[in-house]
Chemist: 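Below is a structure I'd like to ask you about.
Reminder, nothing fancy here: chain letters follow the sequence lines and each chain counts from 1. These numbers come from a predicted model, not from an experiment.
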Amino acid sequence: MTNNLLRVRDLCIDAPASKGPIRIAQGIDFDLHRGEVLALIGESGAGKSTIGIATLGAGRGGAYIAQGSILLEGEDIMAKGAARLRSIRGLRVAYVAQSAASAFNPAHRLIDQVTETIISRGIMDRPAARSRAIELFRKLGLPSPETFGEKFPHQASGGQLQRAMTAMAICAGPELIVFDEPTTALDVTTQIEVLLSIRQAIRDEGMAAIYISHDLALVAQIADQIMVLRHGQIVETGPTRDIIERPQQDYTRRLIAVQSVALPTRSSQPVMLEISGINASYGRVPVLHNINLSVAKGRTLALVGESGSGKSTLGKVVAGLLPPDSGRVTLVDRPLSSSLSGRSRQDLRDIQLVHQNPDLALNPRRSVGDSIGQAVTMFRGLTNKDCSREVAHLLEQVNLDPALATRLPHALSGGQKQRVCIARALAANPRLIICDEVTSALDPLVAEGVQNLLRQLQEDEGVSYLFITHDFGAVRAMADEVAVMRQGSVIAYGPTGQVLNAPQDPYTQKLISSVPELRVGWLDDIVAARTAPQNARTEKMT
Amino acid sequence: MTKYLLKRLFAGVLLVLGASAILFFAGELLPGDFASRMLGSQATPEAVEALRQSRGLDQPALTRYLMWLGGLLQGDLGVSLTNGREIGPLIATRLSNTLTLAGLAALVAVPFAVGLGTLAAMYRNTWFDRLVLMLSMVTVATPEFFFAYLAIAFFAVQLHLLPSISIVTSDMSFADKVPLLILPVLTLVVTTSAHMIRLTRASLISVMDSEYAGTAMLKGLPQWKIVLRHLLPNAMSPIAAVVVLNLADLIVGLIIVEAIFAYPGMGQLMVDSVSKQDVTVVQACGLIFAVTYIVLNMIADLLAILLNPRLRYKS
Amino acid sequence: MMLSDARPPRVRRFRLGWLPVSLAAAFCAICLIAALAAPWIAPFDEAEMVGMPWQPPDATFWLGTDQLGRDMLTRIIYGARTSIGLSFAIVTLAFAIGMSLGLFAVTLGGWVDQLISRAVDLFMSLPPLVLALLAISITGTSLVTLTVIAALLAALRVFRLTRSLGLDIASREFVDVARLRGDSTWSIMRHEILPNAAVPLIAEFGLRFVFAFLFVASLSFLGLGVQPPTADWGGMVRENVGAFNYGHMSPLIPAGFIALLAISVNLLGDWFVEKRGKM
């Protein structure tokens, strides 16, 4: 028996479409040895998830293997009938989905789902299976492992479900597990814990894994091999250290470069926007507590925090969409009314908002030119020819072809749509643009393009940004100053370098240390740093 | 969850009260009052006045509404406007006839529709599925009387197998009634099944497309186990709700089908009373239909909650 | 998306393609022309007795004659006028009432919205036919009351749809953008909300048309809708029921026209949603 577990040769996958099948993965070759982790990395639509699922002999939306072979220990998994394929799934190859919250059946208790495979295949009886599951819950760091399994999926948190899903995959002791973006939906501090649990479990059980992700820094911590994919084809593949440190292909180099952009320190400027003593709530639920911040002219203040920290709510308060309970927002020297109806046309013009999801922020029935033109007309009073000339100019400013003005939003790509939203904000000649997670929905290279554009516009127009994000990479690339928010309060606030490189409070430290760094061995260092003080303590006790 | 159930029950009671108020005060819109209308234009003023006194018509409308409600609770449905007879006994036999017809139709339609919907979902996008969808679309868009007359034309006129009208009487045994009931039941089954088939199919498909169905498949479970353990428990709640809702819609079909086959039920009584402008009977029948409709709708809501594990076990 | 074994598909997906939609469109067009041009294209007069009762179809009477010896084809053509015209009037009225109330409720919100919505809930908790029968028992049968009652019943649904569409679209971010631009309520309604509500509203118009059409047909069939001698398809079924006793199939002709038109409009509606809804 060789050490080679999985051998994929010239794998081509087709998906049915209205005008005949289209190829979504082409000419994929790789080998996976026992105990090895292979990472599949790429942007959305790169085909990484398609390939991952294909190793279980399955396809989404009718996708099928059109050509090539997947050999598990030398046996083509598709060669025999459906029963043979079923006997492989769950027992020899298992799958961990991106969103455990929807991948668990809402009608059954977690432990019953975790143990289902081994009980229904007659590998273990019920009591043995349950104690195996409990043991795994403990190993994966789930709270009160004896009773955790009695919960229904909706009673557990996202991080807990992702661990339970891992336990479910490991339970039958498969030779290979496919992890499909298992931490993407999680907050950064939860992500690192789940990643650690997964890595430990894989190592302890000695199984091979395919780890699918769009985050290069993340997979650098867990993978032995990395395969970079684009448009369903392999860009390059190799050992993790080689890919990270000596990428051969231009595309890979660009992916890596995105992760290390940093804004140089810039001179200080007078204050443009002052936020003082803001308290706000949704109905009776308080969301923001005494927020005091300021944004300088032509500079960027980043608001960072995990989901639910109140950062987007603060953006709404500044824009005037959510009247605060108390406190005020001052623009240069004039106080802004807390409600939208109390703001003058000039107030509205000076503050513009760009949203996270351009699909929701653009009226799907209005052409690009009309969407931007409406702002040009409302704020600058330009009509007809003057208006269309200005629209063309704005489109050029955000590096789009002016001919796009006649298109409807659905004919544009995600990055193009976000540029249209930025052009629409620029149409007002604003002093401040609130950017609410503007790059979160975009693929890394597209996001980088949008960030570059925003920085360029800041240089040219002197506009200030309130940059709301959960991504520390974006903070380093964009912000002069940063405010860290947690549960509706600002807990750290200062120049970006200072807050990020020498965080003072424990939460910010934890938050920043949880962000994966693009180097091999980063996670090992974190583990070492965590265990060091513990070792010191145990030594003292003995 | 108990809180929600109680809230829903309370809302149901309010709706029933609201419905009764609509029915009662709509009757108030009639020109003249009950006494003058019932006795006609030839009646002496004294006779009208006497009837007015005896039925409490000199009271204000709100008092009379409460009296009407009180009477209803004691089983007193009032008297007919056209012939002055008690409505209660008039309705009693017809109600049991209607319940027989509706019950039989439901008994056939529910398993038929749920079964066909399930099959269509399992063989999605095949010619079988398209055929079922097409036929159910056709029946949704077709009036009851089209099917009824199609059935009459075929079974009664051409083949002389079954009677074209279904006048049942109380002295008939159930076995005697069966041939009379076949065509009305068939018509009701065809017209109420369509919606149930489509919605059963849709709920099953949404469950089949769920990620947890994929999880079950990637666990290597056989198809029947996936359906039984993973799909059905989640599809139960919407399907049950759909079934009950369609039983509520059966009421509308019932009124028309009874009229077609001259079947002596509540629906036919109501239609007759409408053409005679016998408002008190219309009110009584309308209230019975309305209460049934509201109660069935409420049951549908409650079933949807009770069968949903997410709501059953609150975090 | 559903997972399946990654094997090449064995059976082709079953599609009917253009045929049903084209047939439906053709039938709708024929009915519409009949309705608009009835006096010019009908071979006889609406109430003219031209033959013996229930004559079978022949060269003169293409669809035979009815219970009074009137030409069936003529009655069908005039009936199209009544049935389609009436349904159209009902749905137009229903949309005028339902949409304005819906937009009113969405724009004003608060207690106005609550009041209208709860009242609509109450009326919708009753079976529509029962409400209609109650109303007719009080007002008696006339074309005006029939139209108003059916329109009010349909308006309940239109109100609900308009309101939920309005709330859904108003919660989208591009409406926030318009508000931040200082657009007036009217402008937001006109440019942001209505264009996005158009497809579902047009589809609803088709659906409501079918329901109104079937509703009027059912009431006429029960003898409570359009009154003779005016020709209307539902009433024609009722008038000709006696034919069965003589082995004639005459009632099936108007009943078939009702079914075909309802199915055709439904098909066209589905096709429209599928085609325009994707955008």
Side-chain angles (χ1 to χ4, degrees), chain A residues 13-14 16 21 50 53-54 56-66 70 77-78 82 85-86 95 316 319-321 340-341 343-345 347-349 351-366 370-371 374-375 377-379 408-411 421 424-425 427-428 436, chain C residues 1-18 107-110 165-203 271-279:
Chain A
I13 299 171
D14 285 4
T50 306
I53 284 184
L56 288 102
R60 277 213 168 82
Y64 59 91
I65 296 169
I70 299 169
I77 60 165
M78 302 305 289
L85 203 49
R86 274 206 303 276
Y95 178 73
K316 279 191 183 161
L321 288 170
L340 204 55
S341 52
R343 295 195 178 184
S344 70
R345 178 56 52 83
D347 294 341
L348 295 177
R349 185 176 169 176
I351 298 183
Q352 291 293 309
L353 180 59
V354 181
H355 294 86
Q356 166 170 7
N357 190 340
D359 285 319
L360 299 176
L362 289 172
N363 185 343
R365 304 277 164 184
R366 263 190 153 175
D370 190 24
S371 269
Q374 175 80 2
T377 310
M378 285 300 280
F379 289 123
L408 284 175
H410 74 95
C421 290
R424 182 172 63 183
D436 190 357
Chain C
M1 263 195 285
M2 196 169 79
L3 278 174
S4 56
D5 283 359
R7 298 181 193 281
R10 258 174 306 164
V11 281
R12 286 254 312 273
R13 281 168 165 239
F14 189 81
R15 283 213 180 79
L16 273 173
W18 283 95
T107 335
L108 288 179
L165 275 175
L167 286 179
D168 174 39
I169 298 167
S171 73
R172 293 199 215 160
E173 285 163 354
F174 59 80
V175 178
D176 275 352
V177 172
R179 288 174 59 211
L180 285 171
R181 203 160 50 208
D183 286 7
S184 65
T185 308
W186 164 245
S187 161
I188 291 178
M189 198 74 86
R190 163 93 184 66
H191 293 288
E192 313 291 341
I193 294 185
L194 276 181
N196 286 289
V199 169
L201 280 177
I202 292 170
W271 168 80
F272 174 77
V273 170
E274 201 175 307
K275 195 157 161 51
R276 295 300 304 276
K278 275 184 200 144
M279 280 175 56

Chemist: Relative to chain C, which segment of A:Gln352 carries a heavy atom at a distance below 4.5 Å: side chain, backbone, both, or neither?
Modeler: neither
Chemist: Can you confirm whether more than 12 heavy atoms, excluding those of C:Arg190, are under 6.0 Å from its CZ atom?
Modeler: no
Chemist: Would you name the heavy atoms of C:Ala6 and A:Gly59 that are closest together and state the gap between them?
Modeler: CB-N, 3.9 Å
Chemist: Non-hydrogen atoms of chain C under 4.5 Å away: do they reach the side chain of A:Ala411, the backbone, both or neither?
Modeler: neither
Chemist: Select one option (side chain, backbone, both, neither) describing which atoms of A:Ala319 are under 4.5 Å from chain C's heavy atoms.
Modeler: both
Chemist: For A:Ala82 and C:Asp5, which heavy atoms make the closest approach, and how far apart are they?
Modeler: CB-OD2, 4.1 Å
Chemist: Do A:Arg424 and C:Arg181 touch side chain to side chain, with heavy atoms closer than 4.5 Å?
Modeler: yes
Chemist: Can you say whether A:Ile53 sits under 4.5 Å from chain C via the side chain, the backbone, both, or neither, judging by heavy atoms?
Modeler: side chain
Chemist: Which one wins on heavy-atom pair count under 4.5 Å against chain C: A:Asp347, A:Val354, A:Leu56, A:Leu340?
Modeler: A:Leu340
Chemist: Check C:Asn196 against A:Pro364 and note the closest heavy-atom contact, atom names and distance.
Modeler: OD1-CG, 3.0 Å
Chemist: Looking only at heavy atoms and a cut-off of under 4.5 Å, which of A:Leu360, A:Asp370, A:Asn357, A:Leu362 has the most pairs with chain C?
Modeler: A:Leu360
Chemist: Are the side chains of C:Glu173 and A:Leu353 in touch, meaning some heavy atoms are under 4.5 Å apart?
Modeler: no
Chemist: I'd like to know if the side chain of A:Asn363 reaches the main chain of C:His191, judged simply by a donor and an acceptor atom lying under 3.5 Å from each other, with no hydrogens or angles considered.
Modeler: yes
Chemist: C:Arg7 side chain to A:Met78 main-chain N or O, any donor-acceptor pair under 3.5 Å?
Modeler: yes
Chemist: Using non-hydrogen atoms only, which part of A:Ser341 is less than 4.5 Å away from chain C: side chain, backbone, both, or neither?
Modeler: neither
Chemist: If you measure from CD on A:Gln374 to CG on C:Asp183, what distance do you get to the nearest 0.5 Å?
Modeler: 4.5 Å
Chemist: Below 4.5 Å from any heavy atom of chain C, which atoms of A:Ala54 appear? Answer side chain, backbone, both or neither.
Modeler: neither
